[in-house]
S.K.: 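Before I ask anything, let me first share the structure, which is written out below as structure tokens.
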Amino acid sequence: MAEHRYEPHDIERKWQAIWERERTWEVPNIDDGTPRSYVLEMLPYPSGEPHMGHLKNYSVGDAVAHFRRRNGMRVLHPMGYDAFGLPAENNAIKTGVHPRQATEASIASFQRQFRSWGISIDWSREFGTHEPRYYRWTQWIFLKLFERGLAYRKEAAVNWCPKDATVLANEQVIDGHCERCGTQVELRQLEQWFFRITDYADRLLDDLETIDWPHHVVTMQRNWIGRSEGAEVTFSCPEMGVDYSVFTTRPDTLFGATFFVMAPEHPDVLRLAAGTEHELAVREYVNQVLSESREDRADTERKKTGVPLGRSVINPVNGERIPMYVADYVLMEYGTGAIMAVPGHDERDFDFATVFGLPIRRVIGGGEDLPYAGDGPLVNSSPEFDGLNNRDALEKIVDWLDREGKGHRSVNYRLRDWLLSRQRYWGAPIPIVYCDTHGIVPVPEADLPVQLPDIEDYAPQGRSPLAAAEDWVNTTCPVCGGPARRETDTMDTFVDSSWYFLRYCDANNDEAAWDPKTLALWAPADQYIGGVEHAILHLMYARFFVKALADLELLDIQEPFKALFTQGMITRDGAKMSKSKGNMISPVSYVERYGADTARAYVLFIGPPDQDADWSDEGVEGVHRFLARLWRLGTEVAAQTGQQPLLGPLEAPAGDDLELMRKAHWAIDKVTNDMAGRFAFNTAIAAVMELVNEAYRRRENVKPATLHFATATAASLIFPFGPHTASEVYEALTGERVWETPWPDADLGLLERDVVEVVVQVNGKLRDRIQASATSTREELEALARERPNVIAHIDGKQVMKVIVVPAKLVNFVVR
RNA sequence: GCGGGCGUGGUGGAAUCGGUAGACACGCCGGCUUUAGGUGCCGGUGCCGCAAGGCGUGGGGGUUCGAGUCCCUCCGCCCGCACCA
């Protein structure tokens with residue numbers, strides 16, 4: 001058969017040309033009653049060439065898209081590029097080449113590869129987020145949020161990366177280091193733009209219950225939002241005539257508060273210490289803490305440090321005067337920047353009290369040693385509350401505080417507002433100008449986009465490189481026409497990617513970001529697919545945007561992604577692939593060597609797609625062998641039968657014909673279930689392999705029509721994973737285009753057998769198998785089982801206590 | 001420390017509802033074909049044992065007629081958050 005060789009490149013080119021010419025995967029924005037589905041993979045960040053993670057991501061998404069299409073749905077399956085961002089700009093600084101040039105070269109390479117992989121993309125909706133026709137609307141959304149008060153400017157201690165010379169969002173700081181370059185970040189007091197995502201904390205939390213997302217992602221988001229219920233309690237400082245409130249989740253332990261601690265950044269700290277013997281020490285301590293790295297400060301292992309402030313506050317529940325301290329374990333960003341310290345029932349306060357010799361008082365019974373953080377009855381508190389369970393006492397104490405005007409119930413979140421301004425060049429300009437008379441003025445919508453000007457020097461100097469583009473910066477105030485200066489910061493790229501999935505729905509609309517009716521045809525995305533690394537950042541921001549846009553009545557959904565699937569990484573020798581490790585392998589070389597179908601089917605066959613999987617060249621060979629086998633079988637059968645319609649239901653099925661038909665219908669059922677309810681592509685592909693193996697084994701003994709059916713069915717079922725080979729084989733056998741034929745239906749009646757194998761156990765151990773009628777009664781099965789020699793040997797001389805019979809499945813003798 | 005997940009042959013993995021552990025694939029062994037073949041086709045392959053048989057899903061315990069699957073406990077690995085009051 002030397003002349004008959006599986007030539008994936010010829011086959012793939014042929015079908016790709018057809019899909020391209022006929023625009024097969026484009027879908028119209030109409031509602032004609034056809035059920036619709038929006039299948040979306042996270043858009044790639046175009047840097048260099050696509051890697052294995054992309055291949056896996058889009059192979060998963062394409063399988064889902066194809067499966068839904070063939071089940072009668074009109075599927076929106078678009079593609080775009082998250083084109084703004086730091087790596088392109090850093091490259092520009094190094095090489096002097098404009099980031100647009102490098103980015104667009106990379107986009108071209110992604111486009112080439114997506115086509116060569118045969119991903120079924122609606123190319124008519126493609127865009128890059130760096131194109132003015134896109135970022136015009138990013139700016140428009142910014143203005144809408146600004147109008148609503150959801151975008152605002154404030155001075156705050158922010159994360160600053162000295163290497164990238166820009167501020168970072170909280171979410172972009174990993175273990176105190178810059179997410180991008182790994183440099184240790186510093187805290188700087190700067191005026192910056194924020195989105196008020198904290199206003200949405202409760203909705204972001206509650207609506208997690210309305211979406212079908214992986215449990216671990218939901219948990220991560222929940223933890224990130226970090227909702228804590230408790231109370232705000234007022235401690236007054238009579239010496240200074242000031243009240244300080246603290247947030248606590250444990251007002252039940254108020255009677256155990258023996259000191260009070262403020263964060264070093266607290267604005268009152270120096271004033272409080274002024275004139276006391278501790279003034280100098282406090283000043284030194286604060287300066288020292290502020291110069292510390294975030295990472296050192298966050299080290300929970302090190303000994304607690306702090307300095308007395310020389311002042312005291314009154315505990316509102318018992319009038320006790322307790323000393324004030326400043327200590328770096330209290331954070332300015334959370335709660336009020338001050339805490340009541342209860343060393344008996346909080347480990348951190350306990351550590352501090354131990355170092356400083358402060359009193360430690362037990363006010364909750366239970367546990368052996370202090371600190372004790374569990375529940376129990378109140379003790380040493382007040383006659384009114386002692387003896388009460390602490391949870392009941394908590395409610396009563398807060399009620400009392402509320403009546404006395406000394407506190408109230410309160411909720412705190414770990415979530416902070418989203419810092420979106422970046423002192424960088426390669427991003428969407430923030431559409432704001434500063435006027436001496438009118439202050440912060442939004443650019444009128446009609447003037448959008450604020451075009452990103454071309455510049456020469458990209459190097460950041462602690463301010464945006466855009467500041468050097470004088471012609472661009474100097475403008476006129478939209479209100480008074482007087483001289484004004486443009487905002488020179490650009491937006492975080494996460495702003496761009498927080499709404500791109502909306503734009504796909506109406507990508508060519510030049511009048512608006514989207515038409516709400518058109519958007520409603522598709523949004524929200526029915527299935528979103530991407531890496532877990534976006535579990536918090538992108539997936540939280542996109543949810544916030546959709547909620548904010550819904551409040552602006554610009555759309556009518558509350559969540560962007562109904563269902564989410566997070567794929568695992570492809571590793572090599574158990575390690576993450578990276579340029580620095582030099583263990584990168586690229587999809588291109590495999591596509592060139594084996595064809596796209598092999599590469600695609602392999603990344604899905606390698607294991608469950610939500611788990612990490614290690615790349616193996618031998619494994620690729622195995623999948624390639626399988627596809628070649630299917631193609632060869634198809635060619636052989638087609639030579640024998642010619643193109644003909646699929647075999648209908650069998651008249652009098654028997655023998656090998658019946659068995660092969662059964663296997664085919666079993667495979668249809670198996671693949672359908674593996675695709676419909678879950679993402680079990682690995683077992684789906686295995687089922688098609690079984691069908692092909694079965695067809696090979698029985699091919700000499702079955703009628704041509706049976707073999708034809710089995711082979712065409714295998715091609716039809718493998719289509720979502722290896723679309724080119726599937727199309728080729730299916731066409732050779734039937735003359736039809738497989739993607740235009742409906743997904744096959746399993747004849748479940750055919751799968752039912754008259755004679756089944758029944759397992760016989762004695763005390764739960766397998767002793768024999770018997771062939772029995774599927775309709776045999778319990779008594780018949782037990783009787784049959786008792787005749788078996790191996791069963792007799794095992795129950796002989798023993799007492800049969802019980803017999804368990806599961807009809808058509810098993811018989812278990814319980815003997816003693 | 002808190003939260004989440006995982007642990008099955010030589011390897012990747014399968015077992016969807018508590019009912020035959022190891023599908024499919026890799027690797028390995030054997031046969032056939034072609035032999036120029038590193039192609040193709042067929043068969044075998046959890047471990048111990050000549051066999052009968054025994055053992056076997058990280059360790060220990062439990063529930064059950066029956067546990068990879070449920071419960072408790074310990075060990076190991078991975079991920080996320082981390083002085084969040």
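Proteins get letters first, then strands, A, B, ... in listed order; numbering begins at 1 in each. A quick note: this is a predicted structure, and the numbers were derived from the prediction, not measured.
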S.K.: With the side chain of A:Ile536 defined as its heavy atoms from C-beta on, choose the nearest nucleotide among B:rG27, B:rG80, B:rG12.
M.R.: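 The answer is B:rG80.
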S.K.: Taking the side chain as every heavy atom from C-beta outward, state whether A:Asp610 and A:Phe565 have any atom pair closer than 4.5 Å.
M.R.: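 A side-chain contact exists here, since the closest heavy-atom pair is under 4.5 Å.
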S.K.: Please check if the number of heavy atoms outside A:Glu209 that lie under 6.0 Å from its CD is greater than 12.
M.R.: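 12 or below, so no.
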S.K.: Please state the C1' separation for the pair B:rC65 and B:rG12 - nearest whole angstrom.
M.R.: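 It works out to 36 Å between them.
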S.K.: Find the partner of B:rA85: check Watson-Crick (N1-N3 plus N6-O4 or O6-N4) and G-U wobble (N1-O2, O6-N3) distances, both under 3.5 Å, and reply none if neither fits.
M.R.: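 Result: none.
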S.K.: May I ask which nucleotide in the shown strands pairs with B:rG56, Watson-Crick or G-U wobble, both distances under 3.5 Å?
M.R.: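 In the structure as shown, B:rG56 has no Watson-Crick or wobble partner.
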S.K.: Pick the C1' atom in B:rC24 and in B:rA15, then give their distance to the nearest Å.
M.R.: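 To the nearest whole Å, 12 Å.
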S.K.: On RNA chain B, nearest-nucleotide positions of A:Gly607 versus A:His215: which is more 5'?
M.R.: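 Final value for this comparison: A:His215.
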S.K.: So what's B:rG30 paired with, Watson-Crick or G-U wobble, going by both distances under 3.5 Å?
M.R.: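 WC or wobble partner is B:rC42.
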S.K.: Provide the Watson-Crick or G-U wobble partner of B:rA23, both distances under 3.5 Å; none if there is no partner.
M.R.: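 The base-pairing partner of B:rA23, which may sit in any strand shown, does not exist here.
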S.K.: With side chain to side chain contact (heavy atoms under 4.5 Å, CB included) as the test, pick out the partner of A:Asn390 among A:Thr253, A:Ile397, A:Val363, A:Asp252.
M.R.: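 Running side chain to side chain contact (heavy atoms under 4.5 Å, CB included) over A:Thr253, A:Ile397, A:Val363, A:Asp252 with A:Asn390 returns exactly one hit, A:Asp252.
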S.K.: Choose from B:rC65, B:rC26, B:rA23 the nucleotide whose nearest atom is closest to any side-chain atom of A:Glu690.
M.R.: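 Shortest atom-to-atom distance from the side chain points to B:rA23.
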S.K.: Does B:rG18 pair with anything, Watson-Crick or G-U wobble, both distances under 3.5 Å, and if so, with which nucleotide?
M.R.: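 Across all strands, not a single nucleotide pairs with B:rG18.
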S.K.: Do A:Lys304 and A:Tyr329 form a cation-pi contact, if we require the NZ or CZ to be under 6.0 Å from the six-membered ring centre and within 45 degrees of the ring's axis?
M.R.: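 Yes, a cation-pi geometry holds between A:Lys304 and A:Tyr329.
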S.K.: Counting any heavy atom closer than 4.0 Å, what does A:Phe626 reach on the DNA or RNA strands: base, sugar-phosphate only, or nothing?
M.R.: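 If one applies the 4.0 Å heavy-atom cut-off, A:Phe626 turns out to touch nothing in the nucleic acid.
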